[in-house]
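What follows is a set of notes on a single structure, which appears directly below.
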Number of protein chains: 2
Amino acid sequence: MTQAGHGPRERMVFSAAQLIRRNGVTATGMREVAAHARAPRGSLQHYFPGGKEQLVNEAVGWAGRYAGKRVARFVAGLRQPTPSGLFAAMAAQWTDEYAADGFAAGCPVAAATVDCATGDSTREAAAAAFAAWCTPVAAALTDMGVPAARAASLATLMISTLEGAILLSRAERDVRPLTTAVRELGPLLDAAVRR
Amino acid sequence: MTQAGHGPRERMVFSAAQLIRRNGVTATGMREVAAHARAPRGSLQHYFPGGKEQLVNEAVGWAGRYAGKRVARFVAGLRQPTPSGLFAAMAAQWTDEYAADGFAAGCPVAAATVDCATGDSTREAAAAAFAAWCTPVAAALTDMGVPAARAASLATLMISTLEGAILLSRAERDVRPLTTAVRELGPLLDAAVRR
DNA sequence: GGTCGAGTATGACACTGGTCATAGTAGCCG
DNA sequence: CGGCTACTATGACCAGTGTCATACTCGACC
């Protein structure tokens with residue numbers, strides 16, 4: 001998650017995702033988002049006339065697209081593409097971040113799902129984000145030789161397990177749940193490739 | 001999660017867990033908890049001089065102990081105890097609730113982990129709750145014949161996957177992530193029993 | 001130059017949050 | 001009865017929220 005906002009609008013969406021990831025939706029204030037993005041407070045109502053709900057939904061959508069794009073880069077970075085390798089790479093993104101920056105942040109989509117006081121549209125945005133994340137994973141699995149029927153199921157399983165392991169790791173302040181998830185789930189994933 | 005509070009204090013802890021489960025920590029107000037528990041507002045500062053932080057932590061701890069106790073009942077209810085059967089029973093608790101009452105609520109411990117604006121002690125309470133949940137699961141696995149070395153890892157995997165599947169199911173308003181987790185993870189779990 | 005509009009900047013509003021202070025009530029014990 | 005403790009009840013406070021209204025800057029365009 002590198003700082004990559006050109007315009008002030010994108011910076012605000014990015015900052016919103018960043019803060020939601022850390023503190024949750026309700027605990028993240030609009031003024032706080034503007035300050036974090038070093039954007040004028042008045043721009044909030046200008047760019048996001050739909051208020052906080054719109055801002056949160058866009059942040060969630062951004063996170064989903066970001067995660068989806070990362071999948072392609074992960075599989076491209078594998079010397080020998082295997083399902084377990086992809087899963088390990090996805091988990092490594094989190095273990096690396098936790099090792100470098102601490103356990104302060106989680107997945108913004110998860111935060112939006114749990115903290116859905118904003119309205120039902122946020123829940124829909126979260127579902128769309130998970131779909132945008134799950135689809136490329138399933139596609140990568142089929143490319144690796146997993147039958148199409150199981151690819152979608154395994155992709156869902158991978159994201160479920162990863163999301164839960166992130167949760168446990170954050171609570172325990174230890175990457176152990178993430179590493180055990182990779183170790184235990186890897187063989188199951190590789191066993192699904194048709195040879 | 002049946003209403004089981006005798007005294008007003010327990011009712012408040014229970015109500016707090018219930019509301020946190022639905023709306024998250026920050027979005028749950030103290031006055032709201034008192035009203036939901038049909039307890040006088042003044043009792044809040046009497047029973048919980050530590051303020052919201054104490055109330056939230058006790059609610060999280062209660063949820064952890066509750067989940068831990070459920071495990072023993074689950075394994076007792078299985079006619080033939082297998083790891084996959086236990087996992088299916090744990091997931092069924094959620095699919096049943098979602099089928100009956102809708103997708104409004106999630107796991108309170110997950111909510112407390114994500115929405116940790118209350119302070120670091122809440123995170124520790126969440127870690128303790130996950131431990132109180134994970135330990136009996138690992139014990140049940142060893143009883144079923146899983147080598148002790150893997151039992152702890154598999155218990156962590158089960159809870160990670162379950163927690164993530166709850167998240168996805170809630171976002172999608174569909175129990176599909178939960179059912180696929182059970183279907184895909186079952187064989188892996190049963191393959192770990194020593195025979 | 002004048003006009004327009006995108007974007008910026010503030011201040012105010014109504015409201016809710018957690019917390020504190022204080023007063024009141026009930027029941028038990030001596 | 002008085003006194004004490006457990007509990008209840010209420011009101012006030014201040015910081016914070018999202019949102020709105022208004023006024024300002026500044027560059028582009030005719």
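Chain letters run A, B, ... following the sequence lines, proteins first and then strands; every chain starts at 1.
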Which is it for A:Thr26 and B:Thr26 under the side-chain hydrogen bond (donor to acceptor under 3.5 Å, both in side chains) test, yes or no, and what are the steps along the way?
CA-CA 6 Å; A:Thr26 312; B:Thr26 312; 5.6 Å; no

Is there a side-chain hydrogen bond (donor to acceptor under 3.5 Å, both in side chains) between A:Thr113 and A:Arg123 once you walk through the steps? CA-CA 6 Å; A:Thr113 305; A:Arg123 202 220 74 239; over 6 Å; no

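Closest approach of B:Pro147 and B:Ala192 over heavy atoms only: CD-O, 3.2 Å.
Protein atom CD of A:Glu53 is 16 Å distant from nucleotide atom C1' of D:dT17, rounded to whole Å. Atoms CG (A:Asn23) and P (D:dG16) sit 14 Å apart, rounded to a whole Å. Rounding to whole angstrom units, CD of residue A:Glu32 and C1' of D:dG18 are separated by 14 Å. If you measure from atom CE of B:Met30 to atom P of D:dC13, you get 21 Å, rounded to the nearest angstrom.
Aromatic ring pairs are classed by plane angle as parallel below 30°, tilted from 30° to 60° and perpendicular above 60°; the pair A:Trp94 and A:Tyr98 is tilted. By the 30° and 60° cut-offs, the orientation of the rings of A:Trp133 relative to A:Phe130 is parallel.
Side-chain atoms of B:Thr156 and A:Arg176 form a donor-acceptor pair, as typed in the model, at a separation below 3.5 Å. Looking only at atom types and distance, the side chain of B:Gln54 has a donor-acceptor partner in the side chain of B:Glu58 under 3.5 Å away. Looking at B:Glu53 and B:Ser121, their side chains do bring a donor and an acceptor atom within 3.5 Å of each other. Side-chain contact of A:Ser84 with A:Asp190: a donor-acceptor pair under 3.5 Å is present, judged by distance alone.
Axis angle, first five pairs versus last five pairs of the helix from C:dG1-D:dC30 to C:dT16-D:dA15: 20°, rounded to 10°.
Shown for residues 40-51 of chain B: residues whose heavy atoms fall under 4.0 angstrom of DNA chain D, namely B:Pro40, B:Arg41, B:Gly42, B:Ser43, B:Gln45, B:His46, B:Tyr47.
First and last contacts of DNA chain C with chain B, using any nucleotide atom under 4.0 Å from a protein heavy atom and ordered 5' to 3', fall at C:dG17 to C:dA21.
Put simply, the side chain of A:Arg31 and the base of D:dG16 share no donor and acceptor less than 3.5 Å apart.
Summary of the strand contacts: A:Lys52 and B:Ala39 both lie near DNA chain D, and taking for each the nucleotide with the nearest heavy atom, the more 5' one is attributed to B:Ala39.
Using a 4.0 Å cut-off between charged side-chain N and carboxylate O, A:Arg41 and A:Glu32 make no salt bridge. Contact check on A:Arg173 versus B:Glu124 returns no salt bridge, with no Lys/Arg side-chain nitrogen under 4.0 Å from an Asp/Glu carboxylate oxygen.
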